Amino acid sequence: MSATVSFEVTSPHGPQTVTLSYARVGRGEPLLLLHGIGHHRQAWDPVVDILATEREVIAVDLPGFGASPALPDGLAHDLPTMNAALGALCEELGLDRPHVAGNSLGGLLALELGRQNLVRSVTALSPAGFWTQAERRYAFGVLIGMRRVAERMPLPLVERLARSAAGRAVLTSTVYARPGRRSPEAVVAETLALAGATGFTETLRAGTAVRFTDDVPGVPVTVAWGVRDRLLIPRQGVRAKRVIPRARLIRLPGCGHVPMNDDPALVARVLLDGSR
């Protein structure tokens, strides 16, 4: 079941109220799940039921994505603000240093939470921030192109494409290695989520100068990369290992940039192992 929570985050203009949508299920140690830019918390649906047998899973719509409104005026969609919002969310929900897992943008945010020692462990799936400038420009160009297509495509066409495996490949093969495995309903929903993401432009703009260059001491870190990631190419995982020498670096065979749907059993095992 989904819910919303509101809390205050400080800004140069005084306290601002942030509202986030989330779903909470399962029992065990808490595991916070953070999706990528343009996506929504339902990206985790393929693995949530598996995770919920051993963890209390909290899947969040980041500010300006999914059902969460964009940050209010006066708050930038940058790393410090996003992490302040996530820290306040954990406090509001009574999560004392949860495990955290993130994909893409969510992986970068998870590593930042780990760097600040706000979490028990970090599992980052194809995290942003380990790119060269050329790789970042390529990824941002692809994302902007995907967003424009999603905004301009009439809903009846999206629904028609989503009904066939070939059509789902047209819509999602940039992020999934096996797009035919994604359900038609999920493809329609995430295309709409990308088109309607009020935080997309500001979040992308804030990421222009972002690179993750610090170690994450004192927190267990797992970095996993889909070998068929076409958005953030797998060699970025090798850079992540150089930056965070004690991290476990795991290859995800047959998986793309958003691996949860490509191989749910494998990804769930990586998440459970990483959050012990």
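Quick note: residue numbers are just sequence positions, from 1. The structure presented is a predicted model; accordingly, all values stated were derived computationally and were not measured. Just the heavy atoms: all of them, side chains too, but no hydrogens, waters or symmetry mates, feed the values below.
Ser21 is linked by a side chain to side chain donor-acceptor pair (under 3.5 Å) to Arg41, counting only residues two or more places apart in sequence or in another chain. Partners of Arg246 by side chain to side chain contact (heavy atoms under 4.5 Å, CB included), not counting sequence neighbours, listed by chain and number: Asp215, Pro217. Taking the salt bridge (charged side-chain N to carboxylate O under 4.0 Å, His left out) definition, one finds that Arg181 meets it with nothing, sequence neighbours left out. Under the side chain to side chain contact (heavy atoms under 4.5 Å, CB included) criterion, Ala193 pairs with His40, sequence neighbours left out. Checked against side chain to side chain contact (heavy atoms under 4.5 Å, CB included), Asp273 has the following partners two or more places apart in sequence or in another chain: Arg248, Arg269, Arg276. Under the side chain to side chain contact (heavy atoms under 4.5 Å, CB included) criterion, Arg152 pairs with Arg148, not counting sequence neighbours.
A distance of 9.5 Å separates OG1 in Thr191 from CG in Leu155, rounded to the nearest 0.5 Å. One finds the OG1 atom of Thr208 at 8.5 Å from the CD atom of Gln133 (value rounded to the nearest 0.5 Å). We find the CD1-CZ distance between Ile37 and Phe140 to be 6.5 Å, quoted to the nearest 0.5 Å. Glu202 CD to Leu204 CG: the interatomic distance, rounded to the nearest 0.5 Å, is 10.0 Å.
A side chain to side chain contact (heavy atoms under 4.5 Å, CB included) with Leu71 is found for exactly one of Thr198, Val9, Val18, namely Val18. Between Leu20 and the options Val60, Asp61, Thr4, a side chain to side chain contact (heavy atoms under 4.5 Å, CB included) holds for only Val60.
Residues Leu194 and Met146 meet the side-chain proximity criterion, which asks for heavy atoms closer than 4.5 Å. Residues Trp131 and Phe212 are not in side-chain contact: their nearest non-hydrogen atoms beyond the backbone lie 4.5 Å or more apart. Taking the side chain as every heavy atom from C-beta outward, Asp263 and Leu252 never approach each other to under 4.5 Å. Two residues are said to be in side-chain contact when any heavy atoms from C-beta on lie closer than 4.5 Å; Ser275 and Arg55 meet this criterion. Side-chain contact between Leu108 and Val210: present, with at least one pair of heavy atoms (C-beta onward) separated by less than 4.5 Å. Leu111 places a side-chain heavy atom less than 4.5 Å from the side chain of Val221. Contact of the Arg230 side chain with the His257 side chain is not registered, since no non-hydrogen atoms from C-beta on lie closer than 4.5 Å. The shortest side-chain heavy-atom distance between Thr17 and Phe7 does not fall under the 4.5 Å cut-off.
Identified under the ring-ring contact (aromatic ring centres under 6.0 Å, His included) test for residues 65-86, with sequence neighbours left out: His35-Phe65. Every pair tested for ring-ring contact (aromatic ring centres under 6.0 Å, His included) that includes a residue from residues 81-125 fails, sequence neighbours excluded, so the list is empty. The stretch residues 174-206 participates, sequence neighbours left out, in no ring-ring contact (aromatic ring centres under 6.0 Å, His included) pair at all. For residues 100-124, the set of pairs meeting the salt bridge (Lys or Arg N to Asp or Glu O under 4.0 Å) definition, not counting sequence neighbours, comprises Glu29-Arg120, Glu112-Arg115, Arg115-Asp214.
Put simply, the side chain of Thr203 gets close to the backbone of Gly199: a donor and an acceptor are under 3.5 Å apart. Between the side chain of Arg228 and the main chain of Ala177, a donor-acceptor pair closer than 3.5 Å is present. Ser121 places a side-chain N or O within 3.5 Å of a backbone atom of Gly274 that can act as its donor or acceptor partner. Between the side chain of Arg168 and the main chain of Ser183, no donor-acceptor pair closer than 3.5 Å is present.
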Derivation and outcome, side chain to side chain contact (heavy atoms under 4.5 Å, CB included), residues Met260 and Asp45: CA-CA 8 Å; Met260 297 83 81; Asp45 282 356; over 6 Å; no
Side chain to side chain contact (heavy atoms under 4.5 Å, CB included) between Arg24 and Leu93, intermediate numbers included: CA-CA 10 Å; Arg24 193 171 190 172; Leu93 296 182; 3.8 Å; yes
Would you check, one step at a time, whether the test side chain to side chain contact (heavy atoms under 4.5 Å, CB included) holds for Thr19 with Val5? CA-CA 6 Å; Thr19 299; Val5 61; over 6 Å; no
Would Leu51 and Leu271 count as a side chain to side chain contact (heavy atoms under 4.5 Å, CB included) here? Give the steps. CA-CA 8 Å; Leu51 298 175; Leu271 297 178; 3.7 Å; yes
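The shortest heavy-atom contact between Asp262 and Gly256 is OD2-N, 2.8 Å. A pairwise comparison of heavy atoms in Val227 and Gly254 identifies CG2-N, 3.5 Å as the closest pair. Annotation for Leu34 and Ala110: closest pair CD1-N, 4.1 Å, computed over non-hydrogen atoms. Taking both residues in full, the closest heavy atoms of Ala101 and Leu31 are given as N-CD1, 4.0 Å, listed atom of the first, atom of the second, then distance. Across Ser104 and Gly36, no two heavy atoms sit closer than the pair CB-CA, 4.0 Å. Nearest heavy-atom pair across Leu125 and Pro259 is CD1-CG, 4.0 Å.
Looking at Thr172 and Arg182, their side chains never bring a donor and an acceptor atom within 3.5 Å of each other.
No path of Ile, Leu, Val, Met, Phe, Trp and Tyr side chains, each step under 4.5 Å between heavy atoms, connects Leu62 with Leu192, placing them in separate hydrophobic clusters. Transitive grouping of hydrophobic side chains (ILVMFWY, heavy atoms separated by less than 4.5 Å) brings Val122 and Leu249 into a common cluster. Ile50 and Val25 fall into different hydrophobic clusters, where Ile, Leu, Val, Met, Phe, Trp and Tyr side chains are chained together by heavy-atom contacts under 4.5 Å. Note on Leu171 and Val258: separate hydrophobic clusters, where clusters join Ile, Leu, Val, Met, Phe, Trp and Tyr whose side-chain heavy atoms are under 4.5 Å apart, directly or indirectly. The cluster map of Ile, Leu, Val, Met, Phe, Trp and Tyr, joined by side-chain heavy atoms under 4.5 Å apart, puts Val158 and Leu143 in different clusters.
Note on Glu159 versus Arg163: no salt bridge recorded, every NZ/NE/NH1/NH2 to OD/OE distance being 4.0 Å or above.
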Which side-chain N or O atoms in residues 79-92 pair as donor and acceptor under 3.5 Å with protein atoms at least two apart or in another chain?
| residue | atom | partner | partner atom | Å |
| --- | --- | --- | --- | --- |
| Thr81 | OG1 | Ala76 | O | 3.3 |
| Thr81 | OG1 | Asp78 | OD1 | 2.7 |
| Asn83 | ND2 | Leu79 | O | 3.1 |

N/O donor to acceptor pairs below 3.5 angstrom from side-chain atoms of residues 231-245, sequence neighbours left out:
| residue | atom | partner | partner atom | Å |
| --- | --- | --- | --- | --- |
| Arg235 | NE | Glu135 | OE2 | 2.9 |
| Arg235 | NH2 | Glu135 | OE2 | 3.1 |
| Gln236 | NE2 | Glu135 | OE1 | 3.4 |
| Arg239 | NH1 | Phe130 | O | 2.8 |
| Arg239 | NH1 | Glu135 | OE1 | 2.7 |
| Arg239 | NH2 | Glu135 | OE1 | 3.4 |
| Arg239 | NH2 | Glu135 | OE2 | 3.1 |
| Lys241 | NZ | Pro245 | O | 2.8 |
| Lys241 | NZ | Ala247 | O | 2.6 |

